[in-house]
Amino acid sequence: MTSSAREFLERRLIKLNLRFDNPAVEAEYQQDRQARTTKFIAGAIAFSAVLWGLFGVWDSATNSNAVELTQFRFMVAIPTLLTFFGLTFTPIFRRWPNQLLYAFVAVTSALAVKQLLEYGEASPYYLSSGSSALNFALILVFCIGLFPISVGWSIAVGATVILIYGAGVSKFTAIDFAESSSYIFNLSLICLILIFTSYGRERFARQEFIRQIVQEKERSKLSTFLSSYIPLNIVDDQLNKSAEAFGEVTLLFSDLVGFTTLTEHLAPKHVLEILDMIFTQFDEAAERNGVEKVKTIGDAYMAIAGKSASAVNHAKAMIDFAFDTIEIVERAAEKTGYPLQIRVGIHTGSTIGGVVGRSKMIYDYWGRTVNLASRLESMSEPNRVHISEATYWRVRDFYQFEERPKVELRGIGEMRSFFVAQPSPH
């Protein structure tokens with residue numbers, strides 16, 4: 001056989017068996033199918049053995065001449081079923097399920113032919129060719145219609161059953177060719193119907209398998225995308241929209257000074273490049289300091305620390321992050337030549353968080369702590385870290401401070417605040 005003919009035949013066989021072109025995907029599908037169907041196959045065989053045993057008991061009780069048939073059922077047929085049932089729990093079956101099923105079909109078909117051999121026309125237990133054809137049809141239905149085997153193996157099983165029946169009828173009966181060919185035709189018709197059923201079932205199973213893979217990939221992409229906007233625990237809980245209360249966290253607001261004016265003199269693309277460069281480094285600094293980014297609004301940046309139990313001193317972590325952002329903006333100003341600066345406000349206290357909105361959802365925070373951090377930012381000075389008294393008491397042993405004059409805040413009252421002296425470079 002030439003290579004082109006071999007390739008053509010292989011493509012046709014793959015199309016017939018609905019095999020995936022990717023060997024890794026095909027192997028994964030076979031493992032998945034085996035895991036899903038092994039218990040079902042074992043259950044079907046066990047049910048058949050029990051049903052046949054009950055029929056044998058009933059037949060022996062109602063027919064005193066059925067001794068030999070009863071012996072055949074309980075000493076040959078049912079043990080064969082139980083042997084195959086036991087094989088479904090072995091590594092051999094997991095490795096060669098279709099081959100073992102084929103062997104089982106060959107054995108059961110041979111046993112059916114044995115009835116033609118032992119019970120001839122003179123026997124009271126004689127089975128006509130039509131009755132024997134019914135037994136073979138049941139074997140086809142059981143092995144092709146019930147078991148989730150591939151199309152190629154369904155064809156092999158059907159062809160084997162029909163060949164054994166045809167050989168048995170011609171060997172052990174005296175019926176003419178016209179009658180036997182009629183039974184063979186009916187068996188072939190049943191086999192074709194079952195093969196088409198097997199093809200449809202296999203095709204649907206493979207389509208469903210691919211659909212599940214695609215859905216899993218899309219779900220992973222969506223989870224990764226959402227996790228950048230919504231905390232992972234909320235994503236994993238299918239976006240549970242109930243609010244969470246946090247006893248003590250530290251919130252930061254920062255704003256690029258004069259950036260709005262800068263946008264009036266630069267092309268939008270250039271503005272975006274500068275903002276992306278700065279905020280990308282902010283994100284990296286946040287991760288480095290154990291701080292979680294909340295959102296950006298224009299040139300404003302909001303972050304939170306202290307949500308997890310591992311954040312021992314979230315106030316200090318946030319101040320360290322704030323100084324990192326100041327250095328990032330100073331480097332950006334030096335690199336771009338534009339007078340970029342940043343204001344920072346930090347407050348420590350309780351807050352509430354949750355998913356807000358139904359379209360373009362975002363996990364946001366609200367409450368007095370958020371408002372105070374925002375006002376501290378607006379009252380700050382360029383390249384200074386402005387903190388509340390609550391934050392000061394949690395970090396007073398780590399930095400030098402400059403207390404600011406008390407200010408009156410509407411709805412809050414008189415408030416103490418501090419500038420944190422930037423640590424000396426090491």
Practice item. Indicate whether the side chain of Thr391 and that of His347 have a donor and an acceptor atom separated by less than 3.5 Å. Key: no
Check your understanding: For the atom pair CG (Leu376) and CD1 (Ile346), what is the distance rounded to the nearest 0.5 Å?
Key -> 9.0 Å
Review point. Should we count CD of Gln400 as having more than 12 external heavy atoms under 6.0 Å?
Key: no
Check your understanding: Among Val257, Ile278, Asp299, which residue meets the side chain to side chain contact (heavy atoms under 4.5 Å, CB included) test with Leu340?
Key -> Ile278
Check your understanding: Should we count CD1 of Ile92 as having more than 12 external heavy atoms under 6.0 Å?
Key -> no
Exercise for review: Report yes if some heavy atom in the side chain of Thr369 is under 4.5 Å from a heavy atom in the side chain of Phe246; otherwise report no.
Suggested key: no
Practice item. Apply the side chain to side chain donor-acceptor pair (under 3.5 Å) test between His386 and each candidate in Ser380, Ser378, Ser417; give the one that qualifies. Key: Ser417
**Study point:** Residues that Glu403 engages under side-chain contact (heavy atoms from CB on, under 4.5 Å), provided they are two or more places apart
**Key:** Arg416, Phe418
Practice item. Locate the shortest heavy-atom distance separating Tyr301 from Ala286; write the atom from each residue and the value. Key: OH-CB, 4.2 Å
**Study point:** Check: Asn371 and Trp366 side chains under 4.5 Å, non-hydrogen atoms
**Key:** no
Check your understanding: Does the separation of the ring centres of Phe419 and Phe401 fall below 6.0 angstrom?
Key -> no
Check your understanding: When the ring planes of Phe282 and Phe279 are compared, do they come out parallel, tilted or perpendicular, using 30° and 60° as the limits?
Key -> tilted
Check your understanding: Is the shortest heavy-atom distance from the side chain of Phe47 to the side chain of Leu51 under 4.5 Å?
Key -> yes
Review point. Can you tell me how far the OG atom of Ser388 sits from the OH atom of Tyr392, to the nearest 0.5 Å?
Key: 12.0 Å
Review point. With a 4.5 Å heavy-atom cut-off, do Leu187 and Val161 have their side chains touching?
Key: no
Practice item. Please examine the side chains of Thr325 and Ile342, heavy atoms only from C-beta on, and report whether any two atoms are closer than 4.5 Å. Key: yes
Exercise for review: Drop me the distance from Ser188's OG to Ile193's CD1, to the nearest 0.5 angstrom.
Suggested key: 11.0 Å
Point to revise | Between CD1 on residue Ile319 and CG on residue Leu252, distance to nearest 0.5 Å | key: 10.0 Å
Point to revise | Atom CZ of Phe398 with >12 non-hydrogen neighbours under 6.0 angstrom | key: yes
Exercise for review: Decide, yes or no, whether a salt bridge links Glu248 with Arg394 under the criterion of side-chain N to carboxylate O below 4.0 Å.
Suggested key: yes
Review point. Any side-chain heavy atom of Asn383 sitting closer than 4.5 Å to one from Glu330?
Key: yes
Point to revise | Interatomic distance, Ser254 atom OG to Glu377 atom CD [nearest 0.5 angstrom] | key: 7.0 Å
Check your understanding: Can you name the closest pair of heavy atoms from Phe253 and Ser374 and give their distance?
Key -> CD1-N, 3.5 Å
Check your understanding: Do side-chain atoms of Thr160 reach the backbone of Ala156 as a donor and acceptor pair under 3.5 angstrom?
Key -> yes
Study note, to complete from the structure: Rounded to the nearest 0.5 angstrom, the CD-CD distance for Glu381 and Gln341 is 10.5 Å
Practice item. Considering non-hydrogen atoms only, spot the tightest contact between Val291 and Ile304 and give its length. Key: CG1-O, 3.5 Å
Review point. What are the two closest heavy atoms between Ile162 and Cys191, and how far apart are they?
Key: CD1-CB, 4.0 Å
Practice item. Locate the shortest heavy-atom distance separating Ala373 from Leu251; write the atom from each residue and the value. Key: CB-O, 3.7 Å
**Study point:** Shortest non-hydrogen contact from Arg404 toward Met379
**Key:** NH1-O, 2.7 Å
Point to revise | Polar side-chain atom of Thr90 near backbone of Leu87 as donor-acceptor pair, under 3.5 Å | key: yes
Exercise for review: Could you walk me through whether Leu266 and Tyr338 pass the side-chain contact (heavy atoms from CB on, under 4.5 Å) test, one step at a time?
Suggested key: CA-CA 11 Å; Leu266 297 176; Tyr338 298 118; 3.2 Å; yes
Check your understanding: Any donor and acceptor pair, going by atom type alone, linking the side chain of Arg375 with main-chain N or O of Leu372 inside 3.5 Å?
Key -> no
Point to revise | Criterion side-chain contact (heavy atoms from CB on, under 4.5 Å) on Val344 and Phe323, from CA distance to verdict | key: CA-CA 9 Å; Val344 179; Phe323 283 124; over 6 Å; no
Review point. After noting the C-alpha distance and the side-chain angles of Asn313 and Val395, does the key distance pass the side-chain contact (heavy atoms from CB on, under 4.5 Å) rule?
Key: CA-CA 8 Å; Asn313 195 329; Val395 296; 4.1 Å; yes
**Study point:** More than 12 heavy atoms from other groups under 6.0 Å of CZ on Arg203
**Key:** no
Check your understanding: Step by step, would you call Ile326 with Ile328 a side-chain contact (heavy atoms from CB on, under 4.5 Å)?
Key -> CA-CA 5 Å; Ile326 292 174; Ile328 290 169; over 6 Å; no
**Study point:** Exercise: do Lys307 and Tyr365 side chains pair donor with acceptor under 3.5 Å
**Key:** yes
Revision key, fill the gap. The complete set of salt bridge (Lys or Arg N to Asp or Glu O under 4.0 Å) pairs with one or both residues in residues 275-289, sequence neighbours excluded, reads Asp283-Lys293, Arg288-Asp324
Review point. Are Thr348 and Thr250 close enough that a side-chain donor and a side-chain acceptor fall under 3.5 Å?
Key: yes
Check your understanding: Quick one: do Glu208 and Arg211 make a salt bridge, cutoff under 4.0 Å?
Key -> yes
